[in-house]
Amino acid sequence: MNLELVPIPVPDARKAFVLRLLDVGARKYHDKHPFHRRMNDGELSREDLATWAVNRFYYQRTIPRKDGAILAAMPDPEHRRRWRKRIVDQDGTTATDGGLEAWLRLVEALGGRREDAWNDRAILPGVRFAVDAYYNFCRTAPWQEAVASSLTELFAPHLHALRIEAFPKHYPWVDAAGLDYFKRRTRQAPADVEHGLSVVLEHFTTPTQEDRAVELLEFKCDLLWSLLDTVERHCAERAGRAGSAR
Ligand code: AHQ
């Protein structure tokens, strides 16, 4: 990771801090999780992909709710004007033009069902616990800390680009419209990261606060990693059962 990936100019005095944040992603971001590596190497089954998309929708549909909680806690109208974009990006301005709807098109393109994606009972317990931990953290932590935890999106554009390349190559049966979500985020995430990073540079200034920001990013990386652990284990156990049934 290097500073060229950061969408805002970083003052010399803060470069070491930003490099510490980037190092968290280099060490712990879920692009390195075995399930994502297998996904982008074309090794997942249709069932695995559908299971991942249905369960990840619980994370996706929680994002605008956690962003609403952060918005409510932001005292500054300028921050709110910038932050509310995230909610519109996901919920859309109509029932069909938001990110949630784009993700549901991914669910269907991978062979999953919308009704399962909306059904909390279809979500794996470990996925629900990881996502609820993020939602409850963002509802209760100082809004600046919740913003800091969103900065895992510093590392997301690379992962979306990998998917946009890998899916047509390894899963040609997936309707191209299913990839719209990844293309949307590639366009939308940089402005979100720009805002989030400006908040973190403004509010995390002492060594102790900088350590806290690193800790928050590690917490979020662990949360994303554990979500995939749950999906990976479920898919492996299902494959094992199918193997033993032969
Ligand atoms: O699609 C994603 C998204 O909109 C967001 C918002 C941000 C946050 O506020 O926590 N994090 C995030 C992420 C999205 N996609 C994930 C993926 O793997 O597709 C990655 C995730 C993130 O990096 O935190």
Side-chain angles (χ1 to χ4, degrees), residues 1 5 7 21-22 24-26 28-33 35-37 39-40 49 52-71 73-74 79 82-92 98-107 110 127 130-139 141 143-164 166-167 178-197 199-200 213 216-229 231-232:
M1 286 285 180
L5 295 174
L21 298 177
L22 295 175
V24 174
K28 298 173 68 79
Y29 191 58
H30 67 172
D31 59 330
K32 289 166 281 292
H33 191 288
F35 191 83
H36 267 155
R37 288 194 188 285
M39 179 186 292
N40 293 327
L49 290 166
W52 167 76
V54 164
N55 278 275
R56 254 297 301 276
F57 186 67
Y58 187 69
Y59 177 81
Q60 297 302 132
R61 60 184 162 100
T62 301
I63 287 172
R65 296 177 59 214
K66 71 92 185 175
D67 284 335
I70 296 169
L71 190 71
M74 282 179 162
H79 280 313
R82 294 181 72 180
W83 197 263
R84 69 184 181 210
K85 158 193 179 293
R86 294 161 177 253
I87 299 174
V88 176
D89 284 347
Q90 295 295 346
D91 288 340
L100 298 193
E101 179 57 29
W103 191 278
L104 288 170
R105 288 197 296 275
L106 172 64
V107 167
L110 295 177
V127 170
V131 176
D132 289 354
Y134 186 35
Y135 177 54
N136 291 324
F137 170 76
C138 289
R139 287 190 316 125
W143 65 270
Q144 300 93 331
E145 293 202 349
V147 170
S149 68
S150 77
L151 281 181
T152 41
E153 260 211 310
L154 269 165
F155 319 118
H158 167 67
L159 182 52
H160 292 316
L162 285 178
R163 292 162 177 161
I164 289 165
F167 275 58
L179 305 184
D180 285 351
Y181 184 82
F182 306 140
K183 294 170 184 170
R184 289 167 61 100
R185 286 316 297 170
T186 303
R187 293 191 303 272
Q188 293 168 341
D192 292 347
V193 170
E194 183 175 336
H195 183 201
L197 198 52
V199 168
V200 169
L216 290 165
L217 214 44
E218 291 179 336
F219 155 73
K220 176 67 175 311
C221 283
D222 289 346
L223 182 153
L224 292 170
W225 194 277
S226 64
L227 188 159
L228 281 183
D229 282 346
V231 172
E232 181 182 52

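Everything numeric here is computed off the predicted structure, so don't read it as measured data. All ligand and atom numbering here is 1-based and tracks the order in the structure.
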Notebook entry, point to check: Do R185's NZ or CZ and the ring of F182 fall within the cation-pi criteria of under 6.0 Å and 45°?
Noted result: no
Can you name the closest pair of heavy atoms from [X] and [Y] and give their distance?
{"X": "L217", "Y": "L151", "result": "CD1-C, 3.6 Å"}
{"X": "G196", "Y": "R86", "result": "N-NH2, 4.4 Å"}
{"X": "F219", "Y": "A133", "result": "CZ-O, 4.2 Å"}

Nearest-contact summary for [atom] - protein heavy atom, Å:
{"atom": "atom 4 (O) of ligand 1", "value": "Q90 NE2, 3.0 Å"}
{"atom": "atom 22 (C) of ligand 1", "value": "T152 OG1, 3.4 Å"}
{"atom": "atom 17 (C) of ligand 1", "value": "R56 NH1, 3.1 Å"}
{"atom": "atom 9 (O) of ligand 1", "value": "K66 NZ, 2.6 Å"}

If you take the nearest heavy atom of each of [options], which one is closest to [atom]?
{"atom": "atom 19 (O) of ligand 1", "options": "K220, R185, H33, R163", "value": "R163"}
{"atom": "atom 12 (C) of ligand 1", "options": "H160, E153, H30, R86", "value": "E153"}
{"atom": "atom 14 (C) of ligand 1", "options": "W103, Y134, Y59, F182", "value": "Y59"}

Parallel, tilted or perpendicular: ring planes of Y134 versus Y59, cut at 30 and 60 degrees: parallel
Item to check | Nearest-0.5 Å distance that lies between atom CD in E232 and atom CH2 in W225 | outcome: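 Interatomic distance, E232 CD to W225 CH2, rounded to 0.5 Å: 9.0 Å.
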Between atom OH of Y181 and atom CZ of R56, what is the distance when rounded to the nearest 0.5 Å?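 Nearest 0.5 Å value for the OH-CZ distance: 7.0 Å.
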Counting each atom of ligand 1 from 1 as listed, which ones have a heavy atom of [X] under 4.0 Å away?
{"X": "Y181", "answer": "1 (O), 2 (C), 3 (C), 4 (O)"}
{"X": "Q60", "answer": "1 (O)"}
{"X": "L159", "answer": "18 (O)"}

Does only the side chain of [X] get under 4.0 Å from ligand 1, or the backbone, or both, or neither? Count heavy atoms.
{"X": "L224", "answer": "side chain"}
{"X": "Q188", "answer": "neither"}
{"X": "D192", "answer": "neither"}

Inset, instruction - For R163 and H160, test the side chains for any donor-to-acceptor distance below 3.5 angstrom and give the result as yes or no. - result: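 A pair is found: one side chain offers a donor N or O, the other an acceptor, under 3.5 Å apart.
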Polar contact flag for Y29 and ligand 1 (N/O pairs, less than 3.5 Å):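 For ligand 1, there is an N or O atom that lies under 3.5 Å from one belonging to Y29.
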Review point. When you check the gap from the basic side-chain N to the acidic O, do K85 and D89 get nearer than 4.0 Å?
Key: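 Salt bridge present between K85 and D89.
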